[in-house]
Structure formats: C-alpha cells, structure tokens
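A short write-up of the structure that comes next.
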Amino acid sequence: MRTTPPNSPHIRGNWRRLGSAAAATAALLLAGLGTAAHASAATTPHKATAKTIAAQVAKAHVQYEKAACGATPKKGFAACNALRVTGGTTAFMEKQAALKGIAPKTISPKAASDDPTGYGPSDIQSAYGLASAASSSGSGETVAIVDAYDDPNAAADLATYRSYYGLSACTVANGCFTKVSQTGSTTSLPTADSGWAGEESLDLDMVSATCPNCNILLVEAKSASDANLGTAVNEAVKLGAKFVSNSYGGSESSSDTSYDTSYYKHAGVAITASAGDEAYGAEYPAGSQYVTSVGGTALKTSSNSRGWTESVWKTSSTEGTGSGCSAYDAKPSWQTDTGCTKRMISDVSAVADPATGVSVYDTYGDDGTGWGTYGGTSASSPIIASVYALAGTPGSSDYPAKYPYAAAGTSALNDVTSGNNGSCSTSYFCTAGSGYDGPTGWGTPEGVSAFTG
C-alpha cells in the first residue's frame, strides 16, 4: 500500500444506489447468469413485490474493512490488497434475490454466513468467457501464490471451498496442493498470522475458481518485507511454477529496479501483481516492467450479449483500483502509451470491487467466520494468473506481460470504458476510455487467447 493515510482507519461504507426504483427493479429482473451450485443468500419466507425489492436494493450499501494484513506498511515492506465485506448487500446477493423473487437481506458485520454471499466459480468463468477452458485446460500447470506468514488452515479451507462448489479435490495427498516456506521447506513454516490467512484463502480460492484443474503452490514468506516476499517468488519459480500471483504492494522506491532483477525478472513465467486498493497512484511490484500489473473492476450482471458489465472500481478518493505512471521503472518495449515515459500501471484487470466481490472460505483469518465476501485487487491478481495458466505454458524467453498487448482492441479482451479511480493531469492515467487506460489496462479476459504468445 502507498503511504497516503485513508480517510478513516478501518471501515468505509459504499452507498450503491440505482438511479430509481424502476431502474433497480429492471436490474434485478435482468440478473441471472452464472449462478454457483448450491449458493443461496438468506431469504424471507414469502415472495416480495418488485417494488419492495427495488426499495430495499435502493437502500442497500456495502461496508467492508481492510484485511489485517492491509495496514500501511513501513518502508521496505508490503501490505496485502484484500478487503473483507462486513455488512450490506452484495451484487451476488441481489442476483440471487432477483432469481427467487424475494427481497435481499444484508450481511451482518462480523457474522458467519451459512452460504457464500459473493461470486463463485461459475460466475467468474461466465463473466470472463472461461467455462470451456476451465473444464478442459490447466491440467499439469502450477499456479503459485506468494504471501507472507503461515495459514495453518489453508489446506482444510481450500478443501471446503472446492467441495462446496463441486470442484475436484486439490490436496497435499493427491499432489495438487503444496505449501512451503520461502526456502522450500514443507515442515519449517513461518509464524502463523490471522491477517495474512484471509489473503491466502482469497488467493487459493480464486485459483480454484478460475483454473480448477491447476495444481496450486502456496509459498509463504517469513515476513512481509520486500526481500522475503521476493525470495518467495524466486522459490516459486525454482519449484517449477510458470504462473506466480502476488497480491501485495507497497510504495515505490529507488530500490525497485534492483528488486526487478533480483526477484521478478523470470523469462518464461507469467508473474502477476495487484495494482493496489488506494485509488489513483502507483505501487510496487505492480510497477515492475517484468510483471503483469492487474487493476480492478466492479462486475455486475447485465442484459447485454455478454451477460455482464464492468466499470472501474472506485469507492472513494482513497479506495479503488490503483493505476499510474511509475516514478522509477523503465517502460517495457511492448507498452506504447505516450503520456508516461516509464512503466504504466495497469496491463489488464478483473473484478475487485468488494460490493461485487467474490466468495472466500477461511477459518483462520482475522474474522474467523468461514464464508465471507472479499474484494480488492488481491482478487484480480490470482484470477489473471490463472487465466494465463488456462492459456498454456509461456514461451521460454517471453515476458508474458506483453501477451495482452498483442490482442489489444480485439474481442479477446472486454474493453472497460467507464469510471475513474481519482483525479489526474493526464486523463487516461485515472479514467477509463476506449482502448488502453491506467485503471483497467486493455480490459478484462474474454477467453484465454489474449494470454498466450
């Protein structure tokens, strides 16, 4: 996270109003693609009128807080980019209520949920045109997740998530799931940390949702220092992962270019990094020229041919997807926007708005509640790493961040053209538009063809 202090220390509410009761009713009635198996929001015992539903949705808002690993870090350290919903009505809950013709209820702060209240695997696969690839591809590929500290319940929580959604088992015993320290040890692991545990569950669940046939490698750094997290990235690559997700970041510094070559420069490996959650502004390692920087969107169902619509995720002037022109990192040859002479963030994007967030199962996190809904660019980074895995092993000499640029402007990417994440002197740095923009890059996946060489 950057060092700019937030407006308030913990929870910020997000009023999500539709323009009118009629608009709310129409939005609800049109909702309906990608429903997750077994998923159901809390319901009222009788059918509600469209007017009642519209009125309740018009009042609905989502409250959330930073995961405990998201506090502004000191110099040389990183924070996670995860946000956990604590109250209100999510987009998924609205969708489920519309399908059942009932008024949606709300999430109670800190309360456990019997069922998911965020998007699940079928929603993500539907939104990004991945259902066919998720079914047929990914076997033999390993997606690595790099985080700090140990989540002792990672394997058990992953098993619960996958079982609930009907995904194949991914366990230590069957060789699908591996957890190691930054030195590669499976037995000498870092200190357990309830803040980072929620982040780790989010990452593991997003890989499962996007690439259910992939193997998963969790590499736990012994602390959230840039050096230890970078060492964990190197270990992931050493252990054979061709896809590495990093859902953390910190302020840019003059050391970044040395970190580039020490930790993130791995030809033939798709390394993704979250763009950040503090709205307009650059952070690292998303600013590395060797990674795919991943921005965040708000994802909602729609009556259009795709069935979904996206806009730039922005909750407030201090909360939303990161973007911007790096102060230190050189511009890679495949990035050709003219307003930024150095590395521009982002390259591509995926869902990150907590109000349109994803379901996560975690029993060791700072809330310890089981099912929860998470957002932040911590969700979008592992999604994109997994899309790369569905697309196949990168070329051995390639830096896969360049792949989406070859597909720019084609149907392989959903161009996000509305919304902004703040104010900036160069419009596309912070404002979406046709073609490339900072908050969402070239857009979101529509299938896998934009993520292969």
Side-chain angles (χ1 to χ4, degrees), residues 33-34 119 121-143 206-215 241-245 266-273 275 290-297 299 302 304-310 332-337 344 346-352 379-417 432 434-437 439-453:
L33 287 182
Y119 292 137
S122 62
D123 300 295
I124 292 169
Q125 293 170 24
S126 170
Y128 298 125
L130 300 171
S132 177
S135 175
S136 61
S137 302
S139 296
E141 303 288 8
T142 296
V143 178
M206 289 308 94
V207 177
S208 296
T210 310
C211 186
N213 295 327
C214 283
N215 294 332
K242 297 297 183 183
F243 315 94
V244 183
S245 175
H266 294 284
V269 181
I271 300 177
T272 62
Y290 299 112
V291 310
T292 300
S293 58
V294 185
T297 67
L299 173 70
S302 171
N304 62 19
S305 58
R306 178 186 169 196
W308 300 85
T309 184
E310 288 177 277
S333 60
W334 56 85
Q335 196 172 58
T336 59
D337 61 294
M344 186 69 194
S346 299
D347 297 313
V348 290
S349 53
V351 61
S380 56
S381 178
I383 289 173
I384 294 300
S386 302
V387 175
Y388 273 111
L390 290 173
T393 305
S396 60
S397 61
D398 290 351
Y399 292 98
K402 71 180 182 181
Y403 291 169
Y405 287 78
T410 73
S411 60
L413 293 161
N414 301 302
D415 192 8
V416 181
T417 59
S434 180
Y436 181 82
D437 57 73
T440 65
W442 285 108
T444 62
E446 184 57 43
V448 301
S449 59
F451 296 85
T452 179

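The structure displayed is predicted, hence computed values, not measured ones.
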_Nearest atoms (heavy-atom pairs only) where V207 meets P382_ = CG2-CB, 4.3 Å
Tabulate below the donor-acceptor pairs under 3.5 Å that side-chain atoms of residues 393-402 make, not counting sequence neighbours, or state none.
| residue | atom | partner | partner atom | Å |
| --- | --- | --- | --- | --- |
| T393 | OG1 | E141 | OE1 | 3.3 |
| T393 | OG1 | E141 | OE2 | 2.9 |
| D398 | OD2 | Y403 | OH | 2.6 |

*So, Y119 side chain and L299 main chain: donor-acceptor pair closer than 3.5 Å or not?*
yes
*Any sub-3.5 Å donor-acceptor pair from T142's side-chain atoms to A241's backbone N or O?*
no
Review item, side-chain donor-acceptor pairs of residues 442-453, under 3.5 Å, at least two apart:
| residue | atom | partner | partner atom | Å |
| --- | --- | --- | --- | --- |
| T444 | OG1 | E310 | OE1 | 2.8 |
| T444 | OG1 | N414 | ND2 | 3.2 |
| E446 | OE1 | N414 | ND2 | 3.3 |

*asked:* With heavy-atom distances below 4.5 Å as the criterion, would you say the side chains of D415 and S434 are in contact?
replied: yes
_So, taking the atom named CD in Q125 and the one named OG in S386, what distance separates them when rounded to the nearest 0.5 Å?_
10.5 Å
_Can you give me the closest heavy-atom contact between S346 and S293, atom names plus distance?_
CA-OG, 3.1 Å
*Hey, are the side chains of Y405 and Y436 touching, using non-hydrogen atoms and a 4.5 Å cut-off?*
yes
*Residue pair L130 / L390: nearest heavy atoms and the distance that separates them*: CD2-CD1, 4.2 Å
*asked:* For D347, give me all partners under salt bridge (Lys or Arg N to Asp or Glu O under 4.0 Å), at least two apart in sequence or on another chain.
replied: R343
_side chain to side chain contact (heavy atoms under 4.5 Å, CB included) involving T410 - partner list, sequence neighbours excluded_ = A407, A412
_Checking side-chain contact (heavy atoms from CB on, under 4.5 Å) between V348 and each of V416, I384, I383, which is the one that passes?_
I384
*Please identify each residue that fulfils side chain to side chain contact (heavy atoms under 4.5 Å, CB included) with A385, with sequence neighbours left out.*
V143, S245, T272
*asked:* Applying side chain to side chain donor-acceptor pair (under 3.5 Å), can you list everything that pairs with T210, at least two apart in sequence or on another chain?
replied: none
*Decide side-chain contact (heavy atoms from CB on, under 4.5 Å) for T292 and I271; before the verdict, give the C-alpha distance in whole Å, the side-chain angles of both, and the deciding distance to 0.1 Å.*
CA-CA 6 Å; T292 300; I271 300 177; over 6 Å; no
*asked:* Check whether N213 reaches the backbone of S135 with its side chain - one donor and one acceptor, N or O, closer than 3.5 Å.
replied: yes
*So which heavy atom on S381 is nearest to which on V294, and how close?*
N-CG1, 4.0 Å
*Between the side chains of S126 and D123, is a donor N or O closer than 3.5 angstrom to an acceptor N or O?*
no
